[in-house]
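Residue numbers begin at 1 in each chain, while the letters A, B, ... track the order of the sequences. When reading the values below, keep in mind they use all heavy atoms of this one structure, side chains included, and skip hydrogens, waters and symmetry mates.
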Amino acid sequence: MVRLSELSAIAIIDDDEWVRASTSSLVRSYGYTVRTFASAEEFLQSRHLSDTSCVISDVRMPGMSGVELHAHLLSRGHRMPFIFITAFPDESNLARAMDAGAIGFLGKPFDESRLVGCLKAALGSNDVGIEN
Amino acid sequence: MRLTAGDGSAMNRERRIAEEALRESEQSWRSLTEALPQLVWSATPDGACDYFSTQWTEYTGVAESELLGWRWMDVLHPDDRHGTRQFWMDSVAGRRPYDVEYRVRRSDGAYGWFKTRGVPIRDGDGNIVKWFGTCTDITDGKRTEEALRQREQELWKARSDLERKVAERTAELRRSEAYLAEAQGLTRTGSWAMGVANREIVHLSAQFYQIFGLDPEGGIPSFQTIRERIHPDDLSAAAEVFRTAIRAGKRFEMDHRIVLPDGAVRFIHSVAHPVFNTSGNPVEFVGTVMDVTERKRAEGALRESESYLAEAQRLSHTGSLAWVPATGESRYWSEECFRVIGFDPAEVPPPFEAIFQRIHPDDQARMTGLLEQATRDRDDFTLDFRVIHPDGETRDIHLVAHPALSASGDLAEFVGTVIDVTERKQADEERQAHLWFLESMDKVNRAIQGANDLERMTSDVLDAVLSIFACDRAWLVYPCDPDAPSWRATMEHTRPGFPGAFALGTDLPMDAEVANVFQTARASSGVVQFGAAADHPVPAQLAERFAIKSLIGMAVCPKVDKPYMFGLHECSYPRLWTAREQRLFQEVGRRMGDALTGLLMLRNLRESEGKLEEAQRVAHVGYWERDLATDLITWSDEGFRIFGLAPGQSRVPFKGYQELIHAEDRQRIVAAVAEALRGGSRYDVEYRLVRPDGQVRIVHSQGDVMRDESGRPRRMFGIVQDVTERKQADENLRESERRYREAQMQLAHVNRLTTMGQLMASIAHEVNQPIATAVTSANAGLRWLAARPPNLDEVRNAFDLIIKAGNQAGEVIGRNRALIKKVPAQKAALDINETILETIALAGSEMRRHCVLLQTDLANDLPRVWGDRVHLQQVTLNLIMNAIEAMSEVSEASRELLIGTRVGAPDGVIVSVWDSGPGLKPESLDRLFDPFYTTKPGGMGMGLSICRSIVEAHGGRLWATANAPRGAVFQFTLPRDDAA
């Protein structure tokens, strides 16, 4: 079965390998296509900017942070939805991210349903049809 | 002579012829006896005198008939009669020659001395037929003897005073007296007759033979033989006298010597007169020879004794003299007398005035007075005076004089002796001076020995000195130091009623005069004198203030103190101290110096003892001594006090001492003593004692065993210290230290918690990360499991992740648990690099959170250190956290932290933490490690203080310096593990 979601994958960016792997597994269990990246720079340099339907990114990373990546993509005209997951949730980051149009801002460890809600909001309800 | 009767005419004719011959013979004999100077007599064998020569009758004026038989005795001196009769009767009875001297009454009633000799005449059968004798007039000889005796007596008189002093010389004199006594015996006289014509000797008496050393058996010798006996030196003179007399037919008398066959020389007095025949021509010479050798010798001896006397006088410096007080004339001066008085012995005795001028002026008046009195009293006298000899020398003379009275009892003259006693007197004076010195020193020594404290000694010595020197003041001042700021009189004694010069014991400021006196005394090795007649004048102000005319003094130097000055004042006259006085003074000074040394040392010793007692008291230390022979224990005063006994109590028996020990400790202490005595371990114990009042004290006692040469213990000596308070203080200290350590541990823990608190965000992140992973993986796993069909590969991956994350979280929590937990310090040998890496792991997330770039430079050849891992991590963590915080002020890009380790001197480890923060302000460097010092708002300021305490507790050091080009460096050292 070929789905839209297979064409446009969800990007997961985190410098923590285990966080990347576990988040990827959970998102894939909902039927989404996932691509993982260890840093913002790695994602930017990939050829998948245009076929990325949504970005799940850590905020604090060596080099470019998640928030900076979001701002950078917005300024380049990429309006893809952003979901932030952070171990250091604070109000200023949340406000700034939400102001910039982020779909969600989740603290680690995040609630599974909140992530799925954010994904549905980002990609439309039809796409979540694979959910059984 | 016995005549026998004959018969007949022939016989009668023969008898007639014989009688004629006898008559002739008697006639001739009588004429011969008449020629003799002696009185001649004869007696019958029974001793009755039957003949007396005409000399007898003429001399005595008594008819022969009145003398015959025994009647001659009547003309003898009554005193001589008895002895003479007895002697004559003895001679007759014993048929011995008769030799006696007696006095015969002359016709004028005077008595003359006669030497009488009688010899028995024997017939051919040896029977005595007659006694024949002569009496020689020895009155002149007796007179001579008398004269000699008289002269001798005079001499004796002059000598009598001397004799006492020249006793050793009188032996010779006595010998001469013996000679004189011998000379009292009369010379024997021999007689002779010689024909003038042919110089034929017709008669020689037996005495002549004897005197001339001729043999009576050899018959009458020739004239020539006799002539040869005459001494060669006298021969020509004698021959001349003889020839002249014979030629002139005149009497002669001469003295000459003869030489006997044995070489002996005899002095002979010869008298002879001619015998004329009827025609008036001399036909014979009849003479006597008298042996006057003894007399001559006596005369010689007399002269000799005079020369002995002179010699004795010279040796004993004794002169004899006689002078007539009436005229002042010196009648007699012996030779030595001249020398003693200082005149020339070759001169005549000088006049009285000349002598008087020799007398020392001070003695003249006394002499005049004494002479006048002696002259008046006609009495013996003695006088000591001085004469001044022409060479200026003064001699001491002792005069002894005795008055010689005339027959009428008037004073004729003084006979005396002068003795030069200068040497004797000097010796006497020296002896006296020596005696004075010794007696004085004895007084001083007694004063010194009698006192055993300084004040008493100086007081007694000054008292003695005052009386010995008969001066006005004696004093001792201190110090004899011109550079001292002040001085004082330690003691002064003055003559009764005399004002003292100094105020005792008051410090007087040093002035130039006194300083000068001290200076002078110190510069001299002996005594110094101040006064008009001395080397130094009495300082003007002193002289005026204290009326000092003369001062003698010296520096007295005890060996344990500054010098004193000892001195005397004379205030009435400028006394010049004699050499003897100076010598004595100096000796007294020296003696006093020794005494001061002793007493000052004693005083110092007492002070030291006092200080020791004081020190013992302060330190609660006493000493004890146990005499093993008596088993008695002696304590010092403090020792008694420690045991709760009154100080100075008598010694305590060892048993009694044991009872003072706490019952629980007693056994142990007795055993320790026994062990020490056995030669085992030293006696060094701590025990409780129970004082008589029940108070319990803890003491520390230690001691050594003193042994004799054989190694037998004799006594134990040691100290005992009351350590009760110290024990309590130690306990208190230990308690406070324990509390301090506890507080510090608490503080360190608080610090760790604080630090951990600061780390909490990082730790949370670190823990959060795996937890997030686990939760997410679990959700993912559940979904893969619920899928139809379940994707088991995904499920397995999810579980893998969950396990990894759980482990990771546990690891993080475990890493922090040690620092958070409150555990006591546990030191061990450890690798500092490992410890630092663990700390870095703890702080890693915090550093990342603050974007700090960490570098490490850990040496790999480090020794292990001895320390507590948690505490050393705490130090390192504190330094890292401080650095992170400091660097928060600078931009993220320039936050660099370097942690390094290296080998540090000496053989330890240095840990350094460099940061690139703003650095330390110089003024804060000093106080950085002080407690409660902080530059951070809200900081407690304990971090670095605790770090330093921890490092120092490890025997290391923590310090801070500036880093280049910016930032700070904190470094600490740790010593290596000794066991490594």
Give the table of side-chain donor-acceptor pairs shorter than 3.5 Å for residues 68-76 of chain A, with sequence neighbours excluded, one pair per line with atom names and distance.
residue, atom, partner, partner atom, Å
Glu68(A), OE1, Ser65(A), N, 3.0
His72(A), NE2, Arg76(A), NH1, 2.9
Ser75(A), OG, Ala71(A), O, 3.4
Ser75(A), OG, His72(A), O, 2.5

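The CZ atom of Arg60(A) lies 11.5 Å from the CZ atom of Arg848(B); values are rounded to the nearest 0.5 Å. The CG atom of Asp16(A) sits 8.0 Å away from the CD atom of Gln808(B) when rounded to the nearest 0.5 Å.
Contact detail for Trp784(B) and Ser25(A): the closest heavy-atom pair is NE1-OG, 2.9 Å. Across every non-hydrogen atom of Arg783(B) and Leu26(A), the tightest pair is CD-CD1, 4.2 Å.
The neighbour count for Glu42(A) CD, taken as heavy atoms of other residues, nucleotides or ligands under 6.0 Å away, is above 12.
Among Val19(A), Leu115(A), Ile85(A), the residue making the largest number of heavy-atom pairs under 4.5 Å with chain B is Val19(A). Here Leu801(B) is the residue among Asn797(B), Leu801(B), Ile802(B), Asn791(B) with the most heavy-atom pairs under 4.5 Å with chain A.
Residues of residues 771-780 of chain B lying under 4.5 angstrom from chain A, judged on non-hydrogen atoms, are Ile771(B), Ala772(B), Thr773(B), Val775(B), Thr776(B), Ser777(B), Asn779(B), Ala780(B) by number.
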